[in-house]
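Per chain, numbering begins at 1; letters A, B, ... match sequence-line order.
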Amino acid sequence: MDILSLNNISQEFFLPRKLTDIVTNRPARSIRAVQSMNLAIHENEILGIAGESGCGKSTTCMIAAGLLAPTDGDVLHRGQALTAMDEQTKKTFRRSVQIIFQDPYESLNPRFEIGDTVAEGPRAMNLWPEEVIQEKVRSILAAVGLDPDRFIKRYPHELSGGERQRVGIAAALVMEPDIVFADEPLSMLDVSIRADILTLIKTLAAERKFSCVYVSHDLSILGNVADRIMIMYLGQAVEIGSAHDVLTNPKHPYTKALISAVPIPDPTIDRGVPKIIGDLSMPVNAHKGCQFAPRCPYAQDTCWQEFKSLSGVTGLHESACLREDAPDVLNEVVDAN
Amino acid sequence: MPEKSNRLIGILKVLHRQYKIMTSNTYGLIGFWVVAFFFTVALFAPVIAPYPIWEMQFDAETGQLAMLQSPSLQFPLGTTHLGYDLFSQIVMATRTTVMIGLISGFISIMIGANIGLIAGYYGGIIDEFLMRCTDVLYGMPFLPFVIILISLFGRKIEFVILAIALIVWRTSARVIRAQTISIKQRQFVTAARARGCSNLRIIYRHILPNVLPLLLLYTSFNIAWSIVTEASASFLGFGDGDTISWGGMLYELWLSGKTRVAWWWFLPPAVCIVALVTSLVFISRAYEEYANPRLRETR
Amino acid sequence: MLLDVKNLGVRYRMDGQDIHAVNRLSFQLEEDEIFGVVGESGCGKSSLIKALLRLVARNGSVTADSVNFQGQELLEMPMDQFRKDILWQKIALVPQSAMNSLNPVYKVGPQIVEAIITHKKMSERRARERVHDLFESVGLQKELFDSYPHQFSGGMRQRAMIAMALALDPKLIIMDEPTTGLDVLVQDKILKTLRRIKEDTKCSMMIISHDIAIMSEIATKIGVMYGGGFVEIAPTHDLFKDPSHPYTMGLTNAFPSIRELGKELISIPGSPPVMMREENKCWFEPRCPFATDQCRQSFPEATKTGDHHIVSCLRSADRQKLAKKAKEKATWTS
Ligand SMILES: Nc1ncnc2c1ncn2[C@@H]1O[C@H](COP(=O)(O)OP(=O)(O)O)[C@@H](O)[C@H]1O
Ligand SMILES: Nc1ncnc2c1ncn2[C@@H]1O[C@H](COP(=O)(O)OP(=O)(O)O)[C@@H](O)[C@H]1O
Ligand SMILES: [Mg+2]
Ligand SMILES: [Mg+2]
């Protein structure tokens, strides 16, 4: 069974009305951060979510982790809707779904010792007696590569960025979750130590048998860590499939552009030109069709009217492009810009 | 027991840290020692004071009532027109003033901190309600409000303390609310939520330690304000008649009509008020610098 | 030669301690070159730039044998002459997080016009025309001239800052992390713009980044920084084909590539050095799998291993053997 599934999730943020809006009686403007999203996450898989900043990746994670109530749609944890859970199930959910945060400098309480930071979750939820908690804290710190004797009494400001991120991982994993959301966990870290953290997440996921949703704007990292990849654009999921399929055989014009814009650390490879028009647009009360249409060199009238949301059925390689059935069109050489 | 001694060491460490912060600049250092001096005097007042405060004293040489005497060996700070020893009075008054300052300072910071934390954390309608209440208090003229409360409750020291505490909290509440709002948006609060911490646990375990420097700043500030308020109220004759305070001493002087002559009666309480309040403000400045390091660079 | 830096040092004094941000740093820059400087955070990239532009913070001090720009010694020049003749006119800077360096209360176009007029005798009309041209060459629409910075996206602001840097036709443009924080598609366009500008104006560029992938695309020559100095400088192709310093080898291992999905990534063990004192040894030695006793005893002088390939490693003679070993994970973990 899927561990977690999102059914037709939408999230709208309403912006404060300006005085001029009130005077002219214009309705409140809103940002559609996530729009009709379907997604299912399997046991023991690493799902990558990619997209430009502001496309709704973090919002999706917050909704899926139950920290933000969606405007529309359901989140199901092992088949049970989040909104229909009793206290006990909710507690189990809270414990089973954990987050590794982006910024290791911001996500650790500066006034907590490392040991207390890691023990805080189990203590707050009364999971185990104190001695057991201590025991688990030590073993998880060791598992993420921090010597408990040296680190348990230290404060975050005495740690390097990489060490802090390890603490963040430990604090999530000590809860023994079955799914972990990692929201850009490497973006604040130095290049030479990123690989370690990435490998750590990968091996722990395999050892401790949890699924992981790994969010990143960097497709080359996702290609390395993820089993499946979902691409988002302005709140819409535009493509999903196995990492290999999406990265080597992308179907959606946006995915194609994105992939061809990723720099390659090898000067002998020429990656070609992304086919895309203009800069990122804002999702404020956008038109109701495909959000990518204004930047898509292949857009037709229908693209502005309709949006095809992905089914979210696992295992499929799907694209939300309405012109998917005309692959030759999508591959023709158009000189955008 | 090692547990206990560990805890003791922990507490000592915290105190040492506070001392370091307070004395991190010269003014803070001066402030700290002045305040320490007054607190010591307050603590040992009955031992220090040579005479009972409401007892007429007689001149050792002439044997006459020591009326309105200027400072001498027998009466280091002189006497009042009724022959009371002013040195004993100022020492005992220190005790009263420090006590009133400390207690109403702490009560007011408790009220202010809790209202600020709760309003800031929950936001929405709770915030709206609590902050409007604070605004109403801001609309009240400070001293008349205290005086009215005292005359309603009665001129007892408990009520004086309460009346002061009930108004002094307003600034701390607003400032701590603002700080709470900014801390609440930091990621470690979301992290705490994700790990199953309840709202109260987040407020008191995660946010409170982070507003602590600000809280201490306002504690010392509130104590200063309480002392000023008490002095003002007492000077206007709204202090507790059974105890003596610095403001009360000035009130007696005023009543005696000897303001122009008895400089030894006027100066000590006035100097004490200014010295203690200024020192407390110095300490709060040191905390302010600590809470907001940017102030340090501009110096 | 455009710029010749010999034995540059930058040292900051803080809380009674010295931080040696830049140590024994030397490099040369030719005309019509894009010189990429890569290195991890804290290795002294920004300090290097600030030293060249004499913008080092007040608690910092700069030493050098020579910083020669077109025959002029930059550090020996009087400060006002440097400000008047060099800064902006000859060497322009696009600072780190340039996106936030525009003044939010003034319109973008007039801001640049103002900057031009204060540095060069030019009528306001001419300056406006110049800014219109600049907007075009960095790919900003002319209509944006009268917009405020907050109406610009991150990429557009970065373009505006590049336009500002180009305003006085400098010989050298220095950019500190020009695409950090931008999305890949925007980054791609900025890189293209930079390349086109270089073609059009024939100016040299010095671009700083922690991202070796970006450098491989845009730079003609790359300098790898570690511990406040260059450990390797080489033409881009040579650096990737023949990495000669163990740190460079480690960096290429740590980088994922979208073209090599299964590639196993290898970190460099340990963490960057804390440069509290000047040491007479290799800074990378504690993290280096190939370190010998020699490395602990003397500072590795820069040696030429190719026409334009300079390495500071005592073991550079064995570089091919080491490069092969460096590809294996066991080399770095044991
Ligand atoms: N609490 C909020 N209030 C208003 N707008 C928000 C809020 N959170 C996110 N947004 C908006 O929703 C969009 C998606 O944001 P986010 O999920 O953070 O994107 P990403 O993580 O992909 O960068 C952005 O346009 C952002 O400005
Ligand atoms: N004004 C300053 N005072 C003290 N230390 C500084 C100052 N500026 C930079 N440093 C220190 O110098 C080192 C190099 O910094 P920097 O040149 O900014 O590195 P980079 O740009 O490569 O990240 C760092 O350790 C940094 O903390
Ligand atoms: Mg995000
Ligand atoms: Mg920098």
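With a 4.5 angstrom heavy-atom cutoff, A:Glu120 touches chain B via backbone and side-chain atoms both. Contact annotation for A:Arg95: neither backbone nor side-chain heavy atoms come within less than 4.5 Å of a heavy atom of chain B. At a 4.5 Å heavy-atom cutoff, B:Ser198 makes no contact with chain A through either its backbone or its side chain. Contact annotation for B:Arg201: only side-chain heavy atoms (C-beta onward) come within less than 4.5 Å of a heavy atom of chain A. Both the backbone and the side chain of A:Leu67 come within contact range of chain B, judged by heavy atoms closer than 4.5 Å.
Checked for salt-bridge contact, A:Lys91 and A:Glu87 miss the test: no charged N lies under 4.0 Å from a carboxylate O. No salt bridge links B:Arg205 with A:Asp116; every basic N to acidic carboxylate O contact stays at or beyond 4.0 Å.
No side-chain heavy atom of A:Phe101 sits under 4.5 Å from any side-chain heavy atom of A:Asp183.
In terms of heavy atoms, B:Ala165 sits closest to B:Ile111 at O-CD1, 4.3 Å.
Between chain B and the residues A:Ser107, A:Pro110, A:Gly121, the most heavy-atom pairs under 4.5 angstrom are made by A:Ser107.
Each of A:Thr92, A:Asp178, A:Thr89 was evaluated against A:Arg78; a single residue qualifies, A:Asp178, per the side chain to side chain donor-acceptor pair (under 3.5 Å) test.
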